[in-house]
Amino acid sequence: MSTLTPDPVTTTPATHLPTYDEDAAPAVPRSALGKPTPDQRFARIGSWVGGLGLAWLVTQRLLPLDGLPWFLIAWFVLGTAVTAVTAAMTGGLVEVKDQVAESVITGAALVVVTAVLSAVVFVALRGWRPLTNLNFFTDDMSGVGPKDGFETGGILHAILGSGIELGIALAITLPLGIGTAVFMTEVGGRFARIVRTVVEAMTALPSIVAGLFIYTVFIVALGQPRSGLAASLAIAVMMLPIIARAADVVLRVVPGGLREASLALGASRWRTVWHVVLPTARPGLATAVILGVARGVGETSPVLLTSGAAGFLVADPTDGAMNSLPLFIYSTVRSGEPNAITRAFGAATVLLVLVLVLFVTARLLARQRTGPSRFRSSRIRKGRQ
Amino acid sequence: MRPRKLSRRATGADAVFAHGARAVGASVLVITGGVGVFLAWQAYPTLQRYGWSFFTESAWEPDQDVIGIAAVLVGTISVALVAMFFAFPTSVLMALYISEYAPARIKSTLVSLIDLMAAVPSIVYGLWGFFLIMPHAAELALWLHKHLGWIPIFDVRGTDPDAATWDTTRYVASAFCAGIAVAMMVMPMACAVMRQVFSQTPPGEKEAALALGATRWGMITAVVLPFGRGGIIGGTMLGLGRALGETIAVVLIISPAFEIKPNILEVGTSTVSALIAGRFGEASPAQLSALLAAGFVLFMITLVINTLAAVIVNRSRSGEGVD
């Protein structure tokens, strides 16, 4: 440090740049703000370790509380208690409350995550065995009994049925749902408010009632057989308000400035909607539709009432009973045979994977919303010509 | 010279667009509104024929001309209440964890996880509830009966909790077991709404609370919870609406019983949707009308609850541009 001190006699006053000191001790890194200090971290981890020991003592030595659940409950309660005590040693009631709240909230989050993972892992674990046979994906269940092994029979008919039913339902709900949303947000007026009220009210329709409606109208009153078409109509009745409402929410958050800019440039309302509003909302709309599809593909109750469960491949939706994945799972698991139940779990795993794929697609589409895409600008250029 | 007349009337392609959109809106109104009107119209003869006894009679025996939804309504509400008992605290705490406690790295993962959980088909939760949870739920039910059996809702008739070997069959397939599976379905819905509202808490107010020396929990109770109260109530009611209408998980788990029973741990209950799913197949037109009436009542209940939820969420301070 002595090199930095100027000599007052021999030098004129000037600015001295500090030189790098090779021998100095390395600078102490500043502890990050907001992060717990080592003391706090020790108290927190130590409390939970102490709670673990106490829990072992209480459940294994003192009280007759056998089993993992009791141990975990005891660990949580005692760990929270020890946390409270250590907080009380350094602070007052406020700190105790803070620490206890933090442990309870973190504990609840852990419970939720465990529950979700347990559901997914449990279904996959019970259902992986049929999935290893290729015929599970390429075969149907015609001539296969509930007791037969996994080397015969498959769920191709259920997958195809789900696909066809959803395809028809989407062909109905997509134009109607997004068209209604465009009407509600872009045209407006008193009539649009009525439509919005009714659509919002109908999102409350329980899915089984949608199925019962189609069953009463289409099958009982019109005398049609149970078929894939009836199932698609039931799914469509259920999905239409959901998609219309979700699309409405997405269109409503399109900035009004974009619309006004387009109109001010002389574009007609129709061109504004087609070239400005819809492209801007495209990722959001895709997300809304895909989440609606994920809801529709897993809904069992409307299909249960309307389609009938066929054990064989049906490709024509108007031609009698048609199976679908949720219905296949439901009817197979109800048979009570161990092999059939495992098969149902296999189908449930397929359904879960399907929903997961749809969900991830929706997420990826929702993410890419920044920057003007090449697609959009080329469309605008084309519109100008 | 008079100024040129301005007309807001759409012309050309715009007129086609406006009228086309109006036509689409009208057709959707007819379809969706038609379902509601049709249900009411079909339910009317049943309601007229049975009158108030439709709501007070608990048996469902169309052969003896005795039809009432008292038992299934009580069952529906008890399943939904059990579901909310589990779903409400977990969804509030999970939403708080995501918005206030979660490290930034795992926050978006948790949000996706909750959304994914909402997209998981109900049949999967039904399988989960039936095969994985029900045996454990029965043990929990036995424990509750043993220690809290003096509370009427925890009583299980026809079995002795202190017997050497306990009668498992009395504790399974109950409203309690079904409620747990339904809770898994409604939790993510409620949690998503709450998380959204919590995340809209103005950061300035949160920082002000922290700068004044509040602990994190102090900040939550002083700023986040009052701000998100509408979201908490609204999300809970949305979840409740879903819980009332849930079918397939309930059908898988419960064993049907037409009896007004407050004993939620005891085997056997029924809900409106389970009644429809179980009875539509062999129903004659008159019975179908009765089922439609039951469905209409269910729809009305969920409609009222959802509307209240929407009003409460919209009324809350959340979402307003607070700077």
Side-chain angles (χ1 to χ4, degrees), chain A residues 94-95 97-98 101-102 104-106 108-109 111-113 115-116 118-119 122-123 176 179-180 182-184 187 192 195 198-202 204-209 212-213 215-216 220 237 240-241 244 268-270 291 294 298 300-301 304-305 326 329-330 333 345 348 351-352 355 359 363, chain B residues 10 13-14 17-18 21-22 24-25 27-29 31-33 35-36 38-39 42 89-90 93-94 96-97 101 112-113 115-117 119-125 127-128 131-132 184 187 215-218 241 245 247-248 252 273 276-277 280 285 288 291-292 295 298-299 302-303 306-307 310:
Chain A
V94 175
E95 280 78 9
K97 271 196 214 160
D98 183 50
E102 181 165 351
V104 169
I105 289 174
T106 314
V111 167
V112 170
V113 172
V116 185
S118 81
F122 173 72
V123 169
L176 282 183
T180 313
V182 167
F183 171 62
M184 292 191 286
V187 177
V195 174
V198 171
V199 164
E200 283 192 358
M202 292 310 285
L205 186 76
S207 56
I208 184 107
V209 181
L212 191 63
F213 168 73
Y215 179 76
T216 317
V220 174
V237 166
L240 183 56
S268 64
R269 282 164 79 192
W270 158 243
L291 290 183
T300 320
S301 29
L304 172 72
L305 269 65
I329 299 169
Y330 177 72
V333 84
F345 271 100
L351 184 59
L352 258 182
V355 170
F359 184 80
R363 270 291 135 113
Chain B
D14 267 4
F17 162 67
R22 189 161 288 132
V24 170
S27 58
V28 169
L29 179 72
I31 294 172
T32 52
V35 178
F38 177 83
L39 283 175
Q42 286 283 310
T90 44
L93 294 178
M94 186 73 192
L96 277 180
Y97 182 78
Y101 286 92
S112 303
L113 188 79
D115 289 350
L116 177 66
M117 198 177 161
V120 168
S122 57
I123 182 106
V124 171
Y125 287 130
L127 294 178
W128 175 81
F131 289 99
L132 184 66
M184 280 289 279
M187 201 289 286
T215 57
R216 198 166 354 187
W217 176 244
T247 312
I248 216 69
L252 262 182
S273 41
I276 296 174
F280 78 98
L288 210 53
L291 285 178
L292 281 165
L298 178 65
F299 172 47
T302 52
L303 178 60
N306 277 19
T307 313

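Residue numbering restarts at 1 for every chain, and letters A, B, ... go by the order of the sequence lines.
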Roughly how far apart are A:T180 OG1 and B:R22 CZ, rounded to 0.5 Å? 13.0 Å

Is A:L205 close to chain B through its backbone or its side chain, or both, or neither, when contacts mean heavy atoms under 4.5 Å? both

Interchain contact, B:T32 with chain A, by part (heavy-atom threshold 4.5 Å): both

Determine, stepwise, if the pair A:L176 / B:I31 fulfils side-chain contact (heavy atoms from CB on, under 4.5 Å). CA-CA 10 Å; A:L176 282 183; B:I31 294 172; 3.9 Å; yes

Top residue by heavy-atom pair count (under 4.5 Å) with chain B, among A:A244, A:A108, A:A115? A:A115

Counting only heavy atoms closer than 4.5 Å, note whether A:Y215 contacts chain B via side chain, backbone, both or neither. side chain

Would you mind telling me which of B:N306, B:T247, B:L298 has the largest number of heavy-atom pairs within less than 4.5 Å of chain A? B:T247

Do B:F38 and A:F213 have ring centroids that are under 6.0 Å from one another? yes

Let me see the working for A:L305 and B:F280 under side-chain contact (heavy atoms from CB on, under 4.5 Å), right down to the final yes or no. CA-CA 8 Å; A:L305 269 65; B:F280 78 98; 3.8 Å; yes

What pair of heavy atoms forms the shortest contact from B:G25 to A:F183, and how long is it? CA-CD2, 3.8 Å

Against chain B, work out which of A:G298, A:A204, A:S268 has the most heavy-atom pairs shorter than 4.5 Å and name it. A:A204

What residue, out of A:V355, A:V123, A:V112, has the most heavy-atom pairs lying under 4.5 Å from chain B? A:V112

I need the residue from B:V124, B:L116, B:L127 with the largest number of non-hydrogen atom pairs under 4.5 Å to chain A. B:L116

Work out which heavy atom in A:V187 is nearest to a heavy atom in B:A18; give both atom names and the distance. CG2-CA, 4.3 Å

Closest heavy-atom pair and its distance - B:F17, A:W270: CD1-CE3, 3.4 Å

Minimum heavy-atom distance A:S118-B:L132, with the two atoms named: OG-CD2, 4.2 Å

If you tally heavy-atom pairs under 4.5 Å between each of B:V120, B:L96, B:L252, B:T307 and chain A, the highest tally belongs to B:L252

The interface call for A:E200 against chain B, heavy-atom contacts under 4.5 Å, is neither

So CD1 of A:I208 and CD1 of B:I248: to nearest 0.5 Å the spacing works out to 6.5 Å

In terms of heavy-atom pairs under 4.5 Å, which option from A:V237, A:T216, A:L240 contacts chain B the most? A:T216

One should read off an interatomic distance between A:Y330 OH and B:I123 CD1, to the nearest 0.5 angstrom, of 7.5 Å

Is there a side-chain contact (heavy atoms from CB on, under 4.5 Å) between A:M202 and B:F299 once you walk through the steps? CA-CA 9 Å; A:M202 292 310 285; B:F299 172 47; 3.5 Å; yes

Residues passing the ring-ring contact (aromatic ring centres under 6.0 Å, His included) test with B:Y101, sequence neighbours excluded, are none

For B:Y125, which atoms come within 4.5 Å of any heavy atom of chain A: side chain, backbone, both, or neither? side chain

In terms of heavy-atom proximity below 4.5 Å to chain A, should B:L303 be classed as side chain, backbone, both, or neither? both

Quick one: closest heavy-atom pair of B:M184 and A:A119, and the distance? CE-CB, 4.4 Å

Is a side-chain donor or acceptor of B:D14 paired with a backbone partner of A:R269 at a separation under 3.5 angstrom? yes

Listed by chain and number, what are the salt bridge (charged side-chain N to carboxylate O under 4.0 Å, His left out) partners of A:D98, not counting sequence neighbours? none

Count the heavy-atom pairs under 4.5 Å between each of A:V198, A:V104, A:V199 and chain B, then report the option with the highest count. A:V198

Does any backbone or side-chain atom of B:L39 lie under 4.5 Å from a heavy atom of chain A? Answer side chain, backbone, both or neither. side chain

Give, as side chain, backbone, both or neither, the part of A:V220 having an atom under 4.5 angstrom from any heavy atom of chain B. side chain

Does any backbone or side-chain atom of A:V116 lie under 4.5 Å from a heavy atom of chain B? Answer side chain, backbone, both or neither. both

Relative to chain B, which segment of A:L352 carries a heavy atom at a distance below 4.5 Å: side chain, backbone, both, or neither? side chain

